[in-house]
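So you know, we letter chains A, B, ... as the sequences are listed, proteins then strands, and number each from 1. Model, not experiment: these values are computed from the prediction. These values consider heavy atoms only, across backbone and side chains, with no hydrogens, waters or symmetry-generated copies.
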Protein chains: 2
Amino acid sequence: MITMKDVAREANVSNATVSRVLQGEPHVREEVRVRVLATVKRMGYKPSRVARSLRTNKSSVIGMVITDVQNPFFTTLARAVEDVCYENNYAVFLCHVDENIEKERFYIDTMLAEKVAGVVISPTQETNNPSWILVKAGIPVVSVDRRMLDLTVDTVTVDNISGAYKATTHLIDHGCRDIAIITGPKNSTTGRERLEGYIKALQDHQMNVIPEYIKIGSFKSEYGYKSMMELLKLSHPPTAVFTANYPIAQGAFNAIRQNGLKIPDDIKLIAYDQIELDTIYDTSITYMAQPSYDLGKIASKLLFARINAPESPIQKIMLEPSLHIGHSCGCLAQLLSTPETGPSSRVTSFNPKRKGD
Amino acid sequence: MITMKDVAREANVSNATVSRVLQGEPHVREEVRVRVLATVKRMGYKPSRVARSLRTNKSSVIGMVITDVQNPFFTTLARAVEDVCYENNYAVFLCHVDENIEKERFYIDTMLAEKVAGVVISPTQETNNPSWILVKAGIPVVSVDRRMLDLTVDTVTVDNISGAYKATTHLIDHGCRDIAIITGPKNSTTGRERLEGYIKALQDHQMNVIPEYIKIGSFKSEYGYKSMMELLKLSHPPTAVFTANYPIAQGAFNAIRQNGLKIPDDIKLIAYDQIELDTIYDTSITYMAQPSYDLGKIASKLLFARINAPESPIQKIMLEPSLHIGHSCGCLAQLLSTPETGPSSRVTSFNPKRKGD
DNA sequence: ATGAAAGCGCTAACAA
DNA sequence: TTGTTAGCGCTTTCAT
């Protein structure tokens, strides 16, 4: 293990000079600078980030906390954060907390102990989130996709109420009366707000809100499956269902299929988040697409802005989702007489900024 | 920021005693132990991992390097590594190198500088991989999914030659004669070996290997799209195509659709890696499934074994992929007279160990 | 069983 | 412009 001391000795300078050269400080003789740099290269010296962090009390690593690494929405978001960080020469510490508050605490403690320069988090809970500890320690935090109600931090979200409202309204406009919802936990922003939008849409159209049609639980596919099964067992099963994220849609879809039902004929489905593989199949799902890449990009830019100017005013940014019509809501079949041209019209381009919680 | 010194003062003991209590050393009076622990808790003290790393020259973070965060194969793999690490109280530093050797070097340098305890890597290149620097520094490295030819490290892979051989043979058994392949770079294990299996299958069946039908480039969807477009423009376009990973399949699929062709009628497709969303659509792709979760699990277990016993013999483990029949190769339609029961028979369970590079 | 003290590799005053 | 030196917070001998 080669240390700065070794380099200093070899280059016939002091420790401090080596450090100065490495930081690019101006007050170093050119000749010395060149000699030190050559020695560094020749010896293959890599400064210890650990020692530097200890000394400066910060690192050039930023933490990113997501609740599901297998959900394309979050991986796209992570991808965006990583792109921005790489441009800024920061490494990303990606933590997958699996919608599990204990894991979230573990990773947040780890990041604190590792003295990360900042954190982008999509919090599992809106309140009592473990990340208050980061805020208290003065580490910049940006909340993305979901909010933290009891913490004052920069936040980037998508308008969930409007998204769910529009999705539900779309089903109502189809003539659907018995619309169910399967959504995530009430103490997560996305779970709560998508439910809100759904209810508001029903009420605005003078429809009854039926408790049996409302499933509030988790954002995992297992929950989507279980809930859909329960919905289908009702004496009056719903004729349409709104699934509040992508894994829930997967689970619900499987339940529908196992019951031998056809979409959209027997039951209509409208999902939240881009179903990324929609371009790989001829049957496609109708969904509210979220600008996940932009979400990550904006979040990480806010983070760097905060790192560079800790006292600037807190920003809360909200983006809009957009409805993508597929076959699962039953309206595309009517719109298209030529199935040949239909699907290709919604083929997405090869943009790395894929969309898609 | 509360330090160990603060705790020591408050608890009326020395720095060393606090440290001993925290490490669980036996030679501490029970009364003192309790008092220190109480003080730690009361003050909300979190030991600095940075300082500890500097002192002990290692950390309880392991690095994971993957080439594509948006590929379900890799996220499943990452998920497995993370599960094992969490059980062992290690945090995972997930690095996404985007099939880009410069990013790979950047992250490997970062991990070295951060003194990670070990690294699980799916290397971009088989030779001259930047991770030699980790090996040289004595940091345990496990190679997963892809090999490193010039480095002696524990390795877990899936048999790509056999997988590609079987996939190609399946198409040949369908009567396909004009089979194209789109695969990743030749200097990646998976790109090279899947090509090998394809060629071997053709030769074993006395078929010509046609250079125009072989596309070797990258594992990205853009490449799959571009290559498929080129293949379709040939005067004698192929009647079947084998795509060597999931993004390539996505790209190729789009190209096929944009040309107004039907799968499997106009062209047959067989993919590598589980198309995870197959359960969400009625049309499905035939693919070679890889045990990606197990791959990650075994890799991380090897890593911990190596961390605990650096001198134990190097292990190379190879798993087997398995063929999943869908509609895209054209044989399912014949097998099934009742489409209703067909698809549901291949519905995968809600196992977090999803399969699927 | 406990404390004193050295030092991990680096940065940043302060001196020169 | 360069060197000397004092820590950052922790672990770990070595004493006691």
Residues which pass side chain to side chain donor-acceptor pair (under 3.5 Å) with A:Arg52, listed by chain and number, not counting sequence neighbours: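 Side chain to side chain donor-acceptor pair (under 3.5 Å) list for A:Arg52, sorted by chain: empty.
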Applying side chain to side chain donor-acceptor pair (under 3.5 Å), can you list everything that pairs with B:Ser300, at least two apart in sequence or on another chain?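 For B:Ser300, no residue satisfies side chain to side chain donor-acceptor pair (under 3.5 Å) once neighbours in sequence are set aside.
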Nearest-angstrom distance from the residue atom CZ of A:Arg9 to P of D:dT2: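 Result: 20 Å.
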B:Leu112 CG - C:dG9 P separation (whole Å):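 That distance rounds to 13 Å.
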Residue pair B:Arg49 / B:Ser60, side-chain donor-acceptor N/O under 3.5 Å: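 Yes.
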Just by distance, no angles: are the side chains of A:Thr124 and A:Glu99 close enough, under 3.5 Å, to form a donor-acceptor pair?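 No, no side-chain donor-acceptor contact under 3.5 Å.
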Please, which pairs that meet salt bridge (Lys or Arg N to Asp or Glu O under 4.0 Å) have at least one residue in residues 107-116 of chain B, sequence neighbours excluded?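 Listed once each, the pairs are A:Lys46-B:Asp109.
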Heavy atom of residues 31-41 of chain B under 4.0 Å from DNA chain C: which residues?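 Output list: B:Val32.
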Tell me whether B:Asp154 is salt-bridged to B:Arg306, with the criterion being a basic N under 4.0 Å from an acidic carboxylate O.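 Here B:Asp154 pairs with B:Arg306 in a salt bridge, since their nearest N and O are under 4.0 Å apart.
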What verdict does the salt bridge (charged side-chain N to carboxylate O under 4.0 Å, His left out) test give for B:Asp68 and B:Lys220, after you've listed the backbone C-alpha separation in whole Å, the side-chain angles of each residue and the deciding distance to 0.1 Å? CA-CA 9 Å; B:Asp68 188 357; B:Lys220 302 189 172 189; over 6 Å; no
Identify, with sequence neighbours excluded, every residue that meets salt bridge (Lys or Arg N to Asp or Glu O under 4.0 Å) alongside B:Glu30.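 Once residues adjacent in sequence are excluded, the partners of B:Glu30 under the salt bridge (Lys or Arg N to Asp or Glu O under 4.0 Å) criterion are B:Arg33.
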Using a cut-off of 4.0 Å between protein heavy atoms and nucleotide atoms, how would you tag nucleotides 6-16 of chain D 5' to 3' with B, S and -? BBBBBBBB---
